[in-house]
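I have placed the structure first, in the form of structure tokens, so that the comments after it can refer back to it.
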2 protein chains.
Amino acid sequence: MQKQQPVSPIEAHLGYWLRFVSNQVSHAFSLKLAAQDVTVAEWVVLRELYEKEEVVPSLIADRLGMTRGAISKLVDRLAAKSLVLRRPNEEDRRYQALALTGEGRKLVPELSSLADRNDEEFFGHLAPPERAMVERIMKDIVRRHGMRTVPVD
Amino acid sequence: MQKQQPVSPIEAHLGYWLRFVSNQVSHAFSLKLAAQDVTVAEWVVLRELYEKEEVVPSLIADRLGMTRGAISKLVDRLAAKSLVLRRPNEEDRRYQALALTGEGRKLVPELSSLADRNDEEFFGHLAPPERAMVERIMKDIVRRHGMRTVPVD
DNA sequence: TATTGTTATACTCTATAACTATA
DNA sequence: TATAGTTATAGAGTATAACAATA
């Protein structure tokens, strides 16, 4: 039996606790979305399209930190579910525009209320100053590290 | 053009910011581990085995919230890298014991220092009371929701 | 030649379920 | 029959890179 080197416990890392909670929150949300036959990545794309009217796939890929290939497959699924449309751009035919269908536009507010409910479930008990402090710290870390893309997974 | 229903911005959810930071922290850590040819899931298993001496795969699966099938494949990879051994149990041959090899045992402290460094990078700037508060809040949420498994992904 | 979007390949993880060896 | 571990299949992500169409 070899000697044990001193190794810090995983629970000593703040990143561990963050991932612990974040994974459970995301998982609980994904279960709620699954009841509507939507994945978290799909939800994020639908949410992006809700305000933007028409968006080019490459732009979505940049904003979400996904590859164009990943977006392409994702849009395939959303189109198959009749939630999103691809419209060819006549001026420059390399481009296309993504837009919500009527069905997709109707679905977003429902999914959004699932997100509200999920957040309330996990963080609703926090005192307002606690909540504000966590939010401030997280935003601060995002800013310090120049994080730009919306988290999808 | 249809009327827009009021939809809360994603940034209004604390879960959004948590996932944002947590994903970046985990991603940065996975890059550090990749330099040692190890994934995050593999690291968690190695870390589990470091203290426990010998562990049954089903127990690992339970603790990490993974299926037995997932653990089986994971252990295949770790065994192929000569980091983990499977030892058949002679008393009940349905069981086996997992244990670190010498190489695996040597590697864990190195990976652990990568974890330390990663945590420091993202949370080192926090004032001790801030850090303590975040940690307390996260642990509290874990306790409230009866979360038991170690987060892997 | 550069860019958009698609497609192919490979890899990690997930989940379900069939399968084997053993008890 | 129940359990431990393996294997197969399918699905959702990731990444890289080749590819066709267009500019």
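Note that these values count all heavy atoms, side chains included, but never hydrogens, waters or copies made by symmetry. Everything numeric in this text was worked out from a predicted model, so none of it was measured. Per chain, numbering begins at 1; letters A, B, ... match sequence-line order.
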Name the orientation class of the two ring planes belonging to Y16(B) and F20(B) (parallel below 30°, tilted from 30 to 60°, perpendicular beyond 60°).
perpendicular

Hey, mind stepping through Y50(B) and S112(B) against side chain to side chain contact (heavy atoms under 4.5 Å, CB included) and telling me if it holds?
CA-CA 11 Å; Y50(B) 190 70; S112(B) 180; over 6 Å; no

Return the value, rounded to whole Å, for the distance between atom CG of L78(A) and atom C1' of dA12(D).
13 Å

Within 6.0 angstrom of H27(A) NE2, more than 12 heavy atoms from elsewhere:
no

Round to a whole Å and report the spacing from CG of L98(A) to P of dT4(C).
14 Å

Kindly say if S58(A) contacts the phosphate of dT3(C), meaning a side-chain N or O under 4.0 Å from OP1 or OP2.
no

Separation of dT6(D) P from I60(B) CD1 (nearest whole Å):
13 Å

Hydrophobic cluster membership, with links at side-chain heavy-atom distances under 4.5 Å among I/L/V/M/F/W/Y: are L31(B) and V40(B) in one?
no

In whole Å, I'd like the distance from the CG atom of L64(B) to the P atom of dC13(C).
12 Å

Do any N or O atoms of the protein come closer than 3.5 Å to N or O atoms of nucleotides 6-12 of chain C, and which pairs are they?
residue, atom, partner, partner atom, Å
dT6(C), OP1, R86(A), NE, 3.0
dT6(C), OP1, R86(A), NH2, 3.4
dT6(C), OP2, S72(A), OG, 2.8
dT6(C), O5', S72(A), OG, 3.4

Need one value for T67(A): base, sugar-phosphate or nothing, where a base atom within 4.0 Å counts as base even if backbone is also close, heavy atoms only.
base

Atom pair distance, as rounded to whole Å: CH2 in W43(A) and P in dA12(D)
19 Å

Salt-bridge test for K32(A) and E110(A): reply yes if a basic N is under 4.0 Å from a carboxylate O, no otherwise.
no

Considering only NZ, NE, NH1 and NH2 on the basic side and carboxylate oxygens on the acidic side, decide whether R136(A) and E130(B) come within less than 4.0 Å.
yes

In this structure, how many angstroms lie between the P atom of dC13(C) and the CG atom of N23(B), rounded?
15 Å

Give me, pair by pair, the N or O atoms of the protein and of nucleotides 19-23 of chain D that are less than 3.5 Å apart, along with how far apart they are.
residue, atom, partner, partner atom, Å
dA23(D), OP1, R93(A), N, 3.1

What is the separation between atom OH on Y95(A) and atom P on dG5(C), rounded to the nearest whole Å?
7 Å

Taking V38(B) as the starting point, is it possible to reach L85(B) by hopping between hydrophobic residues whose side chains are less than 4.5 Å apart?
no

Here the distance between atom P of dT7(D) and atom CG of L74(B), to the nearest Å, is 14 Å

Given H13(B), which of D116(A), N118(A), D119(A) fulfils the side-chain hydrogen bond (donor to acceptor under 3.5 Å, both in side chains) condition?
D116(A)

Any salt bridge between D76(A) and R86(A), counting N to O under 4.0 Å?
yes

